[in-house]
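Here the structure is a predicted model, which means the values were calculated and not measured. Both counts, for ligands and for their atoms, begin at 1 and track the order of listing. Starting from 1, each residue takes its place in the sequence as its number.
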Amino acid sequence: MYEVENLEKIDLTLSPPAEEPARQYYYMAKCRCQVRAFEKENGRLPKACVVNYGCQMNARDSEKLAGILEQVGYRLTEDENADFVIFNTCTVRDNANQRVYGRLGVLNGFKRKNPHMKIALCGCMMQEPSVVEKIRESYRFVDLIFGTHNIFKFAELLNATLESDSMIIDIWKDTDKIVEDLPTERKYPYKSGINIMFGCNNFCSYCIVPYVRGRERSRKPEDILREIRQLTAQGVVEIMLLGQNVNSYGKNLEEPMSFAGLLREVEKIPGLRRIRFMTSHPKDLSEELIQVMKESRKICRHLHLPLQSGSTRILKAMNRRYTKEQYVELALRLRREIPDLAITTDIIVGFPGETMEDVEDTLDVIRTVKFDNAFTFIYSKRTGTPAAAMEQVPQEQVKAGFDRVLAAVQETAREQVSLLQGRVMEALVEEVNDHDSALLTGRLSNNTLVHFPGDASLIGSLVNVVLEECRGFYYFGHLA
Ligand code: SAH
Ligand code: SF4
Ligand code: F3S
């Protein structure tokens with residue numbers, strides 16, 4: 001592991017090392033010189049702002065970007081009017097893209113007043129050539145663009161940007177590389193996400209992720225376990241193992257290991273209290289995983305199991321590789337085997353060719369499985385995916401279907417959450433309540449939130465809470 005003070009020892013008169021991560025630490029040392037020069041000139045440290053637009057995997061990448069910026073001397077801020085701003089973008093649905101373009105306009109205004117400001121864009125959206133073309137032509141004030149495959153090179157690219165006045169673009173088509181041991185700046189002291197794999201091989205016909213994140217690559221179990229041990233030593237009690245399809249973890253390793261096998265090893269780490277993971281693809285959820293979850297004392301009673309559609313016909317067109325019946329059977333088996341388990345899901349409404357009859361099938365699954373929570377999305381056409389070439393559903397029909405699906409999941413979620421009324425359950429105290437500073441917010445193992453009176457010193461600890469009053473999707477309670 002590299003330590004902070006090592007940056008001082010790096011000899012910048014030598015040429016940069018070829019191997020990683022040593023090369024990036026060399027460039028961090030160079031960036032630090034630039035930061036010092038800035039401090040001398042301006043009498044203050046430069047400020048940097050990292051904005052995340054995507055999923056938890058992107059959020060974890062953002063923590064790495066922030067870690068490097070902090071390491072080289074930037075002061076991190078949430079204010080976008082900073083000296084260095086980086087947007088880590090998402091392109092899974094079009095509204096994610098539109099938000100980025102909107103915010104870029106605002107940044108341009110800031111940059112006019114602070115011409116030394118540097119603006120960088122990275123993440124999934126940048127893996128789309130049409131996006132890069134648009135930025136190159138219409139957003140010329142952007143200083144740096146890179147993608148998902150070379151994010152480990154951030155220190156090197158940051159240095160190049162600080163030394164240059166022209167737009168730097170570095171996008172790789174794909175990679176088989178995983179660079180370990182770069183610094184990270186975590187958002188929460190008591191919980192953390194951990195990437196266990198990158199990319200996706202599933203090619204669901206609506207989804208752009210496999211195109212922008214590349215093929216599936218698993219990190220070695222020893223690297224994952226070492227990272228978790230380091231985190232627990234720093235006080236982390238809850239981790240979330242991240243991957244687009246964690247159930248296929250380990251298949252491409254030199255010594256293959258199943259996801260359930262990895263969980264067994266993670267369970268043994270002392271000091272670690274809670275294990276979460278996401279996302280599980282229903283087609284790959286093994287019997288072994290159900291058994292490991294059942295026996296575990298640390299794996300949380302929550303499974304996110306995206307349904308996408310309840311219609312077998314639509315599921316086939318989506319290339320999901322399970323039927324309505326297979327999904328329902330799996331979900332009900334999970335409910336039987338692990339009675340306290342909360343099952344949440346993702347649903348898309350308006351996939352090409354979807355009829356009201358298909359929506360009925362989705363409603364039927366919602367009512368049968370009784371999801372504890374669900375994210376419902378309106379289908380968004382993604383250029384280059386097979387579904388983009390299929391016949392699209394008229395807007396009004398999509399809207400009608402969406403409203404019905406949303407109402408149904410809200411109903412089952414309310415019903416499921418209310419089942420806990422009066423029980424005493426363990427909660428991880430996460431923060432002081434946003435609206436009332438006398439209250440703390442804690443998260444139950446099954447992912448339900450509970451608000452209760454308490455002192456901020458409890459943040460990061462596990463406490464028992466009486467679930468007094470159900471307020472729809474969350475509880476009010478008090479310490480037991
Ligand atoms: N790997 C995860 C999902 C990643 S994307 C999985 O397979 O479950 C998160 C969610 O975004 C998906 O579950 C899906 O519901 C939704 N989504 C993906 N592409 C979409 C699109 N083109 N339009 C609308 N929703 C989409
Ligand atoms: Fe997209 Fe499907 Fe891969 Fe999930 S499993 S990231 S929905 S292609
Ligand atoms: Fe978005 Fe990329 Fe995640 S497209 S959902 S940020 S993998």
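For Lys294 and Glu337, the salt-bridge test passes: some basic side-chain N is under 4.0 Å from an acidic carboxylate O. Taking the charged nitrogens against the carboxylate oxygens, Asp181 and Arg226 do have a contact shorter than 4.0 Å, which makes a salt bridge. Between Arg404 and Glu360 a salt bridge is recorded (basic side-chain N to carboxylate O distance below 4.0 Å). Classification of Asp372 and Arg414 as a salt-bridged pair fails, no side-chain N sitting under 4.0 Å from a carboxylate O. Contact check on Asp340 versus Arg301 returns no salt bridge, with no Lys/Arg side-chain nitrogen under 4.0 Å from an Asp/Glu carboxylate oxygen. Salt-bridge check for Arg264 with Glu288: passed, with a basic side-chain N closer than 4.0 Å to an acidic carboxylate O.
Of all the atoms in ligand 2, the ones that sit under 4.0 Å from a non-hydrogen atom of Val209 are 6 (S). Atoms of ligand 2 found under 4.0 Å from any heavy atom of Phe203, numbered from 1 in the order shown, are 8 (S). Remark: ligand 3 atoms within the under-4.0 Å shell around heavy atoms of Asn58 are 6 (S). Each of the atoms 3 (Fe), 5 (S), 6 (S), 8 (S) of ligand 2 lies under 4.0 Å from some heavy atom of Cys200. Taking every non-hydrogen atom of Cys207 and a distance limit under 4.0 Å, the qualifying atoms of ligand 2 come out as 1 (Fe), 6 (S), 7 (S), 8 (S). Below 4.0 Å from some heavy atom of Cys55 lie the following atoms of ligand 3, by number and element: 3 (Fe), 5 (S), 6 (S), 7 (S). Each of the atoms 2 (Fe), 7 (S) of ligand 2 lies under 4.0 Å from some heavy atom of Arg320.
The protein heavy-atom contact nearest to atom 19 (N) of ligand 1 is Tyr206 CD1, 3.3 Å. When hydrogens are left out, the protein atom nearest atom 21 (C) of ligand 1 is Ser380 O, 3.6 Å; that is the closest non-hydrogen contact. Of the protein's heavy atoms, Tyr206 OH, 3.4 Å lies nearest to atom 7 (S) of ligand 2. For atom 5 (S) of ligand 2, the nearest non-hydrogen atom of the protein is Asn202 ND2, 3.4 Å. Atom 1 (Fe) of ligand 3 has its closest protein heavy atom at Cys90 SG, 2.3 Å.
For His451 and Tyr474, the gap between ring centers is short of 6.0 Å.
The shortest separation from a heavy atom of Arg213 to ligand 1 is not under 4.0 Å, leaving the residue out of contact. Using a 4.0 Å cutoff on heavy atoms, Val209 does not count as a contact of ligand 1. In this structure, Arg213 does not count as a contact residue of ligand 2, since none of its heavy atoms falls inside 4.0 Å of the ligand. Taking a 4.0 Å cut-off on heavy atoms, Gln56 fails to register as neighbouring ligand 3.
Around atom 15 (O) of ligand 1, the closest heavy atom drawn from Arg93, Arg382, Gln308, Met318 belongs to Gln308.
At a heavy-atom distance under 4.0 Å, atoms from both the backbone and the side chain of Val92 approach ligand 1. At a 4.0 Å heavy-atom cut-off, ligand 3 touches Gln244 through the side chain alone. Only the backbone of Ile378 comes within 4.0 Å of ligand 1, judged by heavy-atom distances. Proximity of Met57 to ligand 3, defined as any heavy-atom pair under 4.0 Å, is not found for any part of the residue. Contact annotation for Met57 and ligand 1: no heavy atom of the residue comes within less than 4.0 Å of the ligand. Looking at Pro210 against ligand 2, only its side chain comes within 4.0 Å, counting heavy atoms.
Remark: ligand 1 and Asp346 share an N or O pair separated by less than 3.5 Å (distance only, no angle test). Every N/O-N/O distance between Tyr379 and ligand 1 stays at or above 3.5 Å.
For a distance bound of 2.8 Å, the N, O or S atoms of Cys124 include none lying that close to atom 1 (Fe) of ligand 3. Among the atoms of Cys204, an N, O or S atom falls under 2.8 Å from atom 2 (Fe) of ligand 2.
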Practice item. List the steps and the verdict of side chain to side chain contact (heavy atoms under 4.5 Å, CB included) for Tyr327 and Thr345. Key: CA-CA 11 Å; Tyr327 185 96; Thr345 202; 3.6 Å; yes
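A cation-pi arrangement is absent between Arg103 and Phe87, since the terminal nitrogen or guanidinium carbon is not both under 6.0 Å from the aromatic centre and inside a 45° cone about the axis. For the pair Lys134 and Tyr101, the distance from NZ or CZ to the six-membered ring centre is under 6.0 Å and the angle to the ring normal is within 45 degrees. Figure legend: Lys191 and Tyr188 shown as a cation-pi pair, the cationic atom lying under 6.0 angstrom from the six-membered ring centre and within 45 degrees of its axis.
Between Ser296 and Glu267, the side chains place a donor N or O and an acceptor N or O closer than 3.5 Å (distance only, hydrogens not considered).
Remark: Glu357 CD is loosely packed, at most 12 non-hydrogen atoms of other residues, nucleotides or ligands lying under 6.0 Å away.
Atom CE in Met356 sits 9.0 Å away from atom CG in Leu363 (nearest 0.5 Å).
Counting heavy atoms from C-beta outward, Gln127 and Tyr211 have side chains that stay 4.5 Å or more apart.
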